[in-house]
*Asks:* 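Pasting in a structure now, in structure tokens, and then I'll have a few things to ask.
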Number of protein chains: 2
Amino acid sequence: MPRLTTDTRAQAQRVAAELFATRGYEQTSLSEIAGRLGISKAALYYHFRSKGDLLRSLVEPFVTDIEALSADLPAEPRATLEAFFDLCYRHRAILLGIVRDVAVLNELKIVDWIIAWRTRIDVALAGPTTADRVRAVVALGGLQDTLILFADDPELATTIRAEAVDAALRALGVPPA
Amino acid sequence: MPRLTTDTRAQAQRVAAELFATRGYEQTSLSEIAGRLGISKAALYYHFRSKGDLLRSLVEPFVTDIEALSADLPAEPRATLEAFFDLCYRHRAILLGIVRDVAVLNELKIVDWIIAWRTRIDVALAGPTTADRVRAVVALGGLQDTLILFADDPELATTIRAEAVDAALRALGVPPA
DNA sequence: GTCTATACGTTGATAGAC
DNA sequence: GTCTATCAACGTATAGAC
């Protein structure tokens, strides 16, 4: 017998991710999540120690993937930008949630970690000086904004990806191959 | 006799802008604002009808300036990008607050307005097709990210501005003059 | 203009029955 | 695993004295 969605924990994560993405973390109450699942708030506490714990369980796969990427960055700038785009695309649900309520990064206490990670990619992409970093910020930041502003566009992973990577590459100031 | 900071209302706005920028809107309580001012929570309600009203009073000048710019856009892409940067720079305090907690845009009920305004600038800068808009998003988004990530850098308005505008211009794909 | 006091809702979280 | 019941803490907002 195939089990479809029997796992309450996984369902709660799905619903939470969706609500966080639209309302933001703080604006989403556990009552609301429980309500959608048709269970009580207290039942949620059987599956998650706290609200922050639920959030952490969503962000964790994202963090793991980022670690993997930044530990093994491609040599070519274009490949790096594509890998970055694809990674953010895969985790676009939780990415939207974070963008919607950046303050959660404080709660997660991973702000320093994020800065370190971004800096590593920035330097690898553009170089160590401030001017280099500015170019990297425009490129990566712009690329990421694409994922947010075209979040609902069905062509996000194809047409838009290609055009966005091209634009980011130009922003970087890398001579065309 | 010179009046320095006698106006409680203005002081409240100053403190609120600062707290919103660091904690985000929802995370900032009126008690905290009142506490910093050395007055009571209730006293705040003399100056502002509600918490949302206080927020609106901060965002209003930003909105006004954006209206002015988008009603009279420069002809040259570079000038447009510079004007956009300078506008965001002038209002960087409240901009940071919004970024910190994008959900406030729902509260302000200006989401549709923002989308319309961004679209207008995007089209003027790059053109009407989706591909055009992607380039514009990378350019403007990247530019704006610069203001956030280098918010504390003293060279933001000078060196960084120049480098960022150049990068955004390249992202746009405009042939160098 | 600012205060104290208070009303009233909602939140995250816990205890204990089933 | 899920429930009901309950908690303390904090939120916005109001009433009325000074």
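Proteins come first, then strands; the chains are lettered A, B, ... in the order of their sequence lines, and each starts at number 1. Please read all numbers here as calculations on a predicted model, not as lab measurements. Hydrogens, waters and symmetry mates play no part in the numbers below; they use all other heavy atoms, side chains included.
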*Asks:* Check DNA chain D against residues 32-45 of chain B and give the residues with a non-hydrogen atom under 4.0 Å, in numerical order.
*Replies:*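 Under 4.0 Å from DNA chain D: K41(B), A42(B), Y45(B).
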
*Asks:* Could you tell me whether the phosphate oxygens of dT10(C), OP1 or OP2, come under 4.0 Å of any side-chain nitrogen or oxygen in S31(A)?
*Replies:*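 Looking at the OP1 and OP2 atoms of dT10(C), neither is under 4.0 Å from any side-chain N or O of S31(A).
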
*Asks:* For residues H91(A) and I66(A), determine if any side-chain heavy atom of one lies less than 4.5 Å from a side-chain heavy atom of the other.
*Replies:*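 The answer is no; the side chains never approach within 4.5 Å.
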
*Asks:* Using atom CZ of R9(B) as one end and atom P of dT2(C) as the other, report the distance to the nearest whole Å.
*Replies:*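 Answer to the nearest Å: 13 Å.
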
*Asks:* Test side chain to side chain contact (heavy atoms under 4.5 Å, CB included) on L156(A) and T146(A) and set out the steps.
*Replies:* CA-CA 8 Å; L156(A) 177 56; T146(A) 285; 4.3 Å; yes

*Asks:* Is any side-chain N or O of S29(A) closer than 4.0 Å to OP1 or OP2 of dT10(C)?
*Replies:*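 It does not, given that no N or O in the side chain of S29(A) lies less than 4.0 Å from OP1 or OP2 of dT10(C).
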
*Asks:* Under 4.0 Å: is that the gap between some side-chain N or O of S50(B) and OP1 or OP2 of dT12(D)?
*Replies:*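 No, S50(B) has no side-chain N/O under 4.0 Å of OP1/OP2 on dT12(D).
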
*Asks:* Starting at CG of L55(B) and ending at P of dT12(D), how long is that distance when rounded to a whole Å?
*Replies:*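 It works out to 12 Å between those atoms.
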
*Asks:* Between S50(A) and D53(A), is there a side-chain donor-acceptor contact under 3.5 Å, judged purely by atom types and distance?
*Replies:*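 The criterion, which ignores hydrogens and geometry beyond distance, is not satisfied for S50(A) and D53(A).
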
*Asks:* In whole Å, I'd like the distance from the CD atom of Q27(B) to the P atom of dT11(C).
*Replies:*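 So the two atoms are 14 Å apart, to the nearest Å.
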
*Asks:* Would you say R133(B)'s side chain and T130(B)'s backbone share a donor-acceptor pair under 3.5 angstrom?
*Replies:*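 Here the side-chain-to-backbone pair does not exist.
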
*Asks:* Could you tell me the separation between the CD atom of E26(A) and the C1' atom of dC10(D), rounded to a whole number of Å?
*Replies:*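 Those two atoms, CD and C1', are 13 Å apart.
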
*Asks:* Do any N or O atoms from the side chain of Y25(A) and from the backbone of G52(A) form a donor-acceptor pair under 3.5 angstrom?
*Replies:*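 It does hold such a pair.
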
*Asks:* Specify the separation, in whole Å, of atom CG of L30(B) and atom P of dT2(C).
*Replies:*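 These atoms are roughly 15 Å apart.
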
*Asks:* F48(A) CZ to dT2(D) P: how many Å, rounded?
*Replies:*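 Rounded to the whole Å, the gap is 11 Å.
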
*Asks:* Can you check the L54(B) CG to dT12(D) P distance for me, whole Å?
*Replies:*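 For the pair L54(B) CG and dT12(D) P, the rounded distance is 10 Å.
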
*Asks:* Would you mind telling me which of dG1(D), dG1(C), dT12(D) lies closest to the side-chain atoms of Y46(A)?
*Replies:*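 So the side chain of Y46(A) is nearest to dG1(D).
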
*Asks:* Please confirm whether the backbone N or O of G97(A) pairs with a side-chain atom of R100(A), one donor and one acceptor, at under 3.5 Å?
*Replies:*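 No; judged by distance alone, with no hydrogens or angles, the pair does not exist.
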
*Asks:* Could you state whether L149(B) and I148(A) fall into the same hydrophobic cluster, counting links through intermediate Ile, Leu, Val, Met, Phe, Trp or Tyr residues with side-chain heavy atoms under 4.5 angstrom apart?
*Replies:*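 Not linked; separate clusters.
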
*Asks:* Are Q27(A) and D101(A) packed together at the side-chain level, in the sense that at least one heavy-atom pair is separated by less than 4.5 angstrom?
*Replies:*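 The answer is no, as the side chains (C-beta and beyond) never meet within the 4.5 Å cut-off.
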
*Asks:* Quick check: does any side chain N or O of D153(B) sit under 3.5 Å from a backbone N or O of F150(B), one acting as donor and the other as acceptor?
*Replies:*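 Not confirmed, D153(B) side chain does not pair with F150(B) backbone.
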
*Asks:* Can you sort out which residues in residues 96-107 of chain B have a heavy atom within less than 4.0 Å of DNA chain C? Ascending by number, please.
*Replies:*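 Of all residues in residues 96-107 of chain B, none places a heavy atom under 4.0 Å from DNA chain C.
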
